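Okay, so here's the structure we're looking at.
A quick note: this is a predicted structure, and the numbers were derived from the prediction, not measured.
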Amino acid sequence: MEFHQPVMLEECMAWLAVRPGGTYADLTLGLGGHSAEILRRCAPGGRVAGVDKDPRAAEIASERLKEFGGRFSLIRADFREAADRLRLSGFGELDGFLMDLGVSTMQLKTAERGFSFSQDAPLDMRMDTSSGETAAELLAELSEDELTKIMYEYGEERWARAIARKMVLVRSAGGINTTRQLAELVAGTIPRRAWPPKVHPATRTFQALRIAVNDELGALTEALGAMLGMLKPGGRAVVMSYHSLEDRIVKETFKDWAKGCRCPKSLPVCVCGGVARLKVLTGRPVTAQESEVEANPSARSAKLRAAERI
């Protein structure tokens with residue numbers, strides 16, 4: 001089977017500082033591209049735990065990584081459960097963990113998953129198709145105000161109110177059940193002069209619904225804090241995000257863990273005893289080189305941040 005090149009592979013390995021014999025967690029296993037490289041670099045005795053809640057991705061990655069034998073462990077779970085599941089699987093303190101957020105190329109190309117409007121398919125969008133509400137179910141239940149908030153906050157869509165109003169109007173006449181229906185609804189609502197260049201006008205709406213369906217921002221907040229607590233001194237956290245809200249969560253979480261004293265500035269001496277637990281390694285997010293973006297357009301919006309446990 002042929003696999004696409006993982007985004008910013010060399011940059012991830014460099015900031016993760018993979019070493020022979022180290023123990024690492026890949027919290028967004030996907031097709032296993034990043035995990036495979038970590039396993040090569042932490043040989044001969046290093047271990048990697050790969051976490052993913054997508055059953056198809058987990059199946060493909062397991063087959064791909066079976067050459068590494070017992071050095072690779074698969075954990076089928078949402079990454080908000082990762083810290084607890086890692087401990088139950090015998091993983092203690094880690095030398096590093098990686099998170100590559102967002103939707104994978106495989107998920108986008110699998111029409112029936114409903115992540116993309118390139119082919120008509122049921123409007124699903126769940127990362128784990130065995131649980132939770134689909135995008136179609138959310139569109140059938142939420143109020144105009146709730147839909148507006150999702151598209152404006154998660155998709156930064158200027159036309160959120162108009163799209164939400166149209167959704168509520170259309171669903172009363174039979175529902176919005178397929179990717180084509182949704183894409184056409186959005187395209188027909190946003191004035192042609194306001195369509196974004198080079199991308200489909202429904203792109204932001206699809207992104208916002210996917211984030212809402214999978215509670216991606218809530219999961220990221222929970223998982224990141226728990227995983228930072230699993231790092232041993234000198235252990236590295238590397239997170240790649242593709243959305244400004246995700247990047248903000250990563251930036252603020254790293255910043256919070258890097259704080260020492262939390263006393264008001266008006267106090268002459270520290271009385272809280274706060275100690276910094278993290279050192280931020282990337283003052284600004286690292287982005288993909290132009291050559292990679294040309295070869296892999298999905299890398300264009302990627303922002304990498306790294307930190308080290310003190």
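The environment of CZ in Arg76 is crowded: more than 12 heavy-atom neighbours from other residues, nucleotides or ligands sit within 6.0 Å. Counted within 6.0 Å of NZ on Lys255, heavy atoms from surrounding residues, nucleotides or ligands total 12 or fewer; the atom is thus considered open.
No single ILVMFWY cluster, assembled from side-chain heavy atoms under 4.5 Å apart, contains both Tyr152 and Ile190. No continuous path of ILVMFWY side-chain contacts below 4.5 Å connects Val293 to Val286, so the two sit in separate hydrophobic clusters. In the hydrophobic clustering of this structure, Ile310 does not group with Leu228; members are Ile, Leu, Val, Met, Phe, Trp, Tyr whose side-chain heavy atoms approach within less than 4.5 Å, directly or through other members. Linking Ile, Leu, Val, Met, Phe, Trp and Tyr residues whenever their side-chain heavy atoms come within less than 4.5 Å places Leu65 and Met13 in a single cluster.
Residues Thr28 and Phe79 are in side-chain contact: their nearest non-hydrogen atoms beyond the backbone lie under 4.5 Å apart. For the pair Leu123/Thr178, no side-chain contact is recorded, criterion being any heavy-atom separation below 4.5 Å from C-beta on. Within the 4.5 Å cutoff, the side chain of Leu209 has heavy atoms near those of the Leu182 side chain. Proximity of Glu11 to Gln289: side-chain heavy atoms (C-beta onward) are separated by under 4.5 Å at one or more points. Contact of the Met230 side chain with the Arg87 side chain is registered, since non-hydrogen atoms from C-beta on lie closer than 4.5 Å. In this structure, the side chains of Arg309 and Arg277 come closer than 4.5 Å at one or more pairs of heavy atoms. Counting heavy atoms from C-beta outward, Arg204 and Trp159 have side chains that stay 4.5 Å or more apart. Side-chain contact between Phe206 and Val186 is absent, with no heavy atoms from C-beta onward closer than 4.5 Å.
A pairwise comparison of heavy atoms in Pro201 and Glu157 identifies O-OE1, 4.1 Å as the closest pair. When all heavy atoms are compared, the tightest approach of Glu93 to Pro233 is OE2-CD, 4.5 Å. For the pair Trp257 and Gly225, the tightest heavy-atom approach, listed with the atom from each and the gap, is CZ2-O, 3.4 Å. Across all non-hydrogen atoms, the minimal contact from Gly283 to Arg305 is O-NH1, 4.0 Å. Here the closest non-hydrogen pair linking Ala136 and Ile176 is CB-O, 3.7 Å. Closest approach of Gly155 to Ala208, counting heavy atoms only: N-CB, 3.6 Å.
Salt bridge status for Glu222 with Arg80: present, with a side-chain N to carboxylate O gap under 4.0 Å. Ion pairing between a basic and an acidic side chain is recognised when a charged N comes within 4.0 Å of a carboxylate O; Glu133 and Arg126 show no such pairing.
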For residues 34-42, tabulate all N or O donor-acceptor pairs below 3.5 Å that involve a side-chain atom, not counting sequence neighbours.
residue: His34; atom: NE2; partner: Val7; partner atom: O; Å: 3.0
residue: Ser35; atom: OG; partner: Asp26; partner atom: OD2; Å: 2.8
residue: Glu37; atom: OE1; partner: Arg40; partner atom: NH1; Å: 3.0
residue: Glu37; atom: OE2; partner: Arg41; partner atom: NE; Å: 2.8
residue: Glu37; atom: OE2; partner: Arg41; partner atom: NH2; Å: 3.3
residue: Arg41; atom: NH2; partner: Glu10; partner atom: OE1; Å: 3.0
residue: Arg41; atom: NH2; partner: Glu10; partner atom: OE2; Å: 3.0

Donor-acceptor list for residues 162-174 side chains, cut-off 3.5 Å, not counting sequence neighbours:
residue: Arg171; atom: NH1; partner: Leu139; partner atom: O; Å: 2.7
residue: Arg171; atom: NH1; partner: Leu142; partner atom: O; Å: 2.6
residue: Arg171; atom: NH2; partner: Leu142; partner atom: O; Å: 3.0
residue: Ser172; atom: OG; partner: Leu169; partner atom: O; Å: 2.6

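Between the CG atom in Leu245 and the OH atom in Tyr154 there is a gap of 8.5 Å [rounded to 0.5 Å]. Here the CD1-CE distance, from Ile211 to Met151, works out to 13.0 Å after rounding to the nearest 0.5 Å. Rounded to the nearest 0.5 Å, atoms CD1 (Ile150) and CG (Asp145) are 11.5 Å apart. Arg236 CZ to Leu278 CG: the interatomic distance, rounded to the nearest 0.5 Å, is 10.5 Å. The OG1 atom of Thr287 lies 10.0 Å from the CD atom of Glu292; values are rounded to the nearest 0.5 Å. Taken to the nearest 0.5 Å, the CZ atom of Arg300 stands 13.0 Å off from the OH atom of Tyr242.
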### Task
Apply side-chain contact (heavy atoms from CB on, under 4.5 Å) to the pair His200 and Thr203, showing each step before the final yes or no.
CA-CA 6 Å; His200 193 285; Thr203 299; 3.9 Å; yes
### Message
Evaluate Met125 against Leu138 for side-chain contact (heavy atoms from CB on, under 4.5 Å), listing each step before the verdict.
### Response
CA-CA 11 Å; Met125 294 193 185; Leu138 283 186; over 6 Å; no
### Task
Report the C-alpha separation of Leu217 and Ile249 in whole Å, then their side-chain angles, then the decisive distance to 0.1 Å, and conclude whether the side-chain contact (heavy atoms from CB on, under 4.5 Å) test is met.
CA-CA 8 Å; Leu217 301 183; Ile249 289 171; 4.0 Å; yes
### Task
Could you give me the CA-CA distance, side-chain angles and deciding distance for Asp256 and Lys251, then say whether salt bridge (Lys or Arg N to Asp or Glu O under 4.0 Å) is met?
CA-CA 9 Å; Asp256 185 60; Lys251 177 184 177 180; over 6 Å; no
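Remark: side-chain polar atoms of Asp95 are not paired, donor with acceptor, to backbone N or O of Tyr24 under 3.5 angstrom. No side-chain donor-acceptor contact under 3.5 Å links Asp52 to the backbone of Ala57. Looking at Ser73, its side chain never comes within 3.5 Å of a backbone N or O of Ala49 through a donor-acceptor pair.
Qualifying side-chain hydrogen bond (donor to acceptor under 3.5 Å, both in side chains) partners for Glu63, counting only residues two or more places apart in sequence or in other chains: Lys66. Not a single side-chain hydrogen bond (donor to acceptor under 3.5 Å, both in side chains) links Glu184 to another residue, sequence neighbours left out. Under the side-chain hydrogen bond (donor to acceptor under 3.5 Å, both in side chains) criterion, Ser89 pairs with no residue, sequence neighbours left out. Among residues two or more places apart in sequence or in another chain, the side-chain contact (heavy atoms from CB on, under 4.5 Å) test is passed with Glu59 by Arg56.
When each of Val238, Val250, Val51, Leu224 is paired with Met99, the side chain to side chain contact (heavy atoms under 4.5 Å, CB included) condition holds for Leu224 and for no other. The residue from Lys303, Glu216, Gln207, Arg248 that alone fulfils the side-chain hydrogen bond (donor to acceptor under 3.5 Å, both in side chains) condition with His243 is Gln207.
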